[in-house]
Number of protein chains: 2
Amino acid sequence: MTDQVITRARPATIIDVARAAGVAVGTVSRYLNGQPIRGGNRDRIAQVIDELGYRRNSAAASMKTNTTHIVGLLVPAVGEFHAALLDRLTRRMRQTGRAVLCYCHDTEPTSFMEGLEFFAGHRVDAVVMDGNEDLRQRLAPYIAEGMLVVLYDNDLPELSADRVFVENRRASKRLVDHVLDLGHERVAIIHGNLRDSVARDRLEGYRDALKAHGVPEHPELVVDAGWNEYRGYTCMGDLMALPNPPTAVFGANYNMSIGALRWLREHDVSIPEDISLVSFDDVPAFSVHSPGITAVGQPVDKMAEAIVSILTERLGPNGALGKRTMRIDAEITLRGSTRRLRR
Amino acid sequence: MTDQVITRARPATIIDVARAAGVAVGTVSRYLNGQPIRGGNRDRIAQVIDELGYRRNSAAASMKTNTTHIVGLLVPAVGEFHAALLDRLTRRMRQTGRAVLCYCHDTEPTSFMEGLEFFAGHRVDAVVMDGNEDLRQRLAPYIAEGMLVVLYDNDLPELSADRVFVENRRASKRLVDHVLDLGHERVAIIHGNLRDSVARDRLEGYRDALKAHGVPEHPELVVDAGWNEYRGYTCMGDLMALPNPPTAVFGANYNMSIGALRWLREHDVSIPEDISLVSFDDVPAFSVHSPGITAVGQPVDKMAEAIVSILTERLGPNGALGKRTMRIDAEITLRGSTRRLRR
DNA sequence: GTGAAAGCGCTAACAC
DNA sequence: GTGTTAGCGCTTTCAC
């Protein structure tokens, strides 16, 4: 009986390959990087690589090239929206030979810094992130040091970065326009934390629609639920406790809409008979809800496409172009959660 | 007016730090790695590091240490379930100073190989993945080469890996038990691709429940929708077209349940009056659905915890223990989507 | 085209 | 404890 191999064989290096193929390491390196090689050498090297099961050590390579083919993604949490984006992002990134390193910071400054440090230490080629007001100042030094960042979703003005945004204000206006067109005049908005540009944009869209319809804004119908499901729930309750409650509600993201929905359901307020509801963020479950929830879906695929195209340009040769900002439209899907108000 | 600095300063290296602090690089390295250092040196080094904005180059470090603090995650797609797991995983990983590199392979062998190559080339410390029959043979060589893998969700028997699974069979049985307890006798299952162990387990659980209740299995009520929403939709239609349609349906994952739900909704079949429905996979939207959908939620948090604890042990000192398999129970939440059948 | 050789930034062994 | 030094595996001059 032969001895069992316990220790794992040291992976083959470029030197092993060179030796076995009878060429210099430089030649192997050139082969690996697709540079011209004499036919005979090429075949021999290819064969040896196969025999030895050689695989280039990316860490060693990046020490010379200063590129890792890894892009960092910094998100508050991997929820509905960011997960969908990540999904599209990894796929498109794959085409360009890159993968995404995911760090979620939980909206905690410490974790945020850890993430940035991790990315910087590992020399990721770029970092893609959802802006967050708390992070602005902390981010600046990294950018100054040369970190490539592309912001999406929430903006952090004044930072030197590329940007990919959704036309939140416009989509939001459209959603509320729809409700207003149906004759509603008391439409409430449950919005997110106003430190986030996305929350402000969606609120502005709401106001735009009101103005366009000549409907006055009622401050008591504008409530802040901080993007949070539970607060969406309580806000919905507050709204309904008003002497003159709204006839329609706009939940400015998935979580808050779910919270609102939960409150309405628990209190037997039916949609759309008793109240109309529209939501920012669309999910499959909204379409099978009874009634279906009218919502605007985030254009995650287009966002991912935009992000990757920016990255590709910037990480390619002559990537020193000016910073870019791209804005993408979001589609609204009409379903049965709103009804026409009798006059 | 001073010249504007165009070129980015080369990041400080450990040599710069050593020089500025007047000590040897070895000393700085020891400081960086938390080894004992004389007080005076410690402070000086700390200060210099701060002044120079020095940051350890992880790539260089990993060339010596052979560890990157990066764990690869290979998933078919970042949907509901995997996203939730990723969320928990990144958080727990963070505690151990690691981040997760995400690659999604779309169930395509080519992409799968690319992912493995990427991980291997980048020398990730370990790879966490959802098993998939197509990948078994391709994975084996990597494991033989020493790749550390932990499997979750679907099993790939015989591979040398750690494993973290959900008690799919048991949870599934409980779900069907519940329906059977209510007096149903024609309960259908819309299951996933049976090449996946998870699909087989959930189907077995269904059968266990049938047997336990002395209810015969009707082959026409067992349909394969390959995990897919659209096929969940068509299968639901097929089921309802049966001469003797089921009085209850079990959707074996989120996608298929949504598909089934959509069919029922479009054809005005109401739940639970006309048919009862239960689902594997739970989402917030299920709880606000009318009626609420009875479902079993995946224990993603516990899974992440298990995965990280395995990783921590194995990547720590003396990580050569035997492979482990952990099984985690899933909880079922009763809501209103089932009703008692009158006898 | 190709070989030889100089590093990239770090850790670990070794003497002191 | 600390300094010195030999690599880790690769890319990239530079001659030829």
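All chains are named by letter (A, B, ...) in the order of the sequence lines, taking the proteins before the strands, and each is independently numbered beginning at 1. In this text, all values refer to a predicted model and were calculated from it rather than measured experimentally.
Within the structure, side chain to side chain donor-acceptor pair (under 3.5 Å) contacts touching residues 37-47 of chain B (residues at least two apart or in different chains) are B:Asn41-B:Arg44, B:Gln47-B:Glu51. Within the structure, salt bridge (charged side-chain N to carboxylate O under 4.0 Å, His left out) contacts touching residues 99-115 of chain B (residues at least two apart or in different chains) are A:Arg91-B:Asp106, A:Arg94-B:Asp106.
Residues A:Arg98 and B:Phe118 are not in side-chain contact: their nearest non-hydrogen atoms beyond the backbone lie 4.5 Å or more apart.
When ring centroids are compared, B:His122 and B:Tyr103 stay outside the 6.0 Å threshold.
Rounded to 10 degrees, the angle between the two end axes of the helix from C:dG1-D:dC16 to C:dC16-D:dG1 is 30°, with five pairs used at each end.
Using a 4.0 Å cut-off between charged nitrogen and carboxylate oxygen, A:Glu145 and B:Arg55 count as a salt-bridge pair. A salt bridge is defined here as a Lys NZ or Arg NE, NH1 or NH2 lying under 4.0 Å from an Asp or Glu carboxylate O, and A:Glu305 with A:Arg88 fails to meet this definition. The pair B:Arg136-B:Glu158 does not meet the salt-bridge criterion, since no charged nitrogen lies less than 4.0 angstrom from a carboxylate oxygen.
Atom CD of B:Gln95 sits in a crowded spot, with more than 12 heavy atoms from other residues, nucleotides or ligands closer than 6.0 Å.
In terms of heavy-atom proximity, B:Val198 sits nearest to B:Asp153 at CG2-O, 3.3 Å.
Rounded to an integer number of Å, the gap from A:Tyr31 OH to C:dT2 P is 13 Å. The interatomic distance linking B:Asn66 (CG) with D:dG7 (P) rounds to 17 Å, in whole Å.
Checking the phosphate oxygens (OP1, OP2) of C:dT2, no side-chain nitrogen or oxygen of A:Thr27 falls inside 4.0 Å.
With sequence neighbours excluded, the residues satisfying side-chain contact (heavy atoms from CB on, under 4.5 Å) with A:Asn57 are A:Ala59, A:Ala60, B:Arg123.
Non-hydrogen atoms lying under 4.0 Å from DNA chain C are contributed by A:Asn41, all within residues 40-51 of chain A.
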- Item | Reading 5' to 3' through nucleotides 5-11 of chain C, protein heavy-atom contacts under 4.0 Å coded B for base, S for sugar-phosphate only, - for none | B-BBBBB
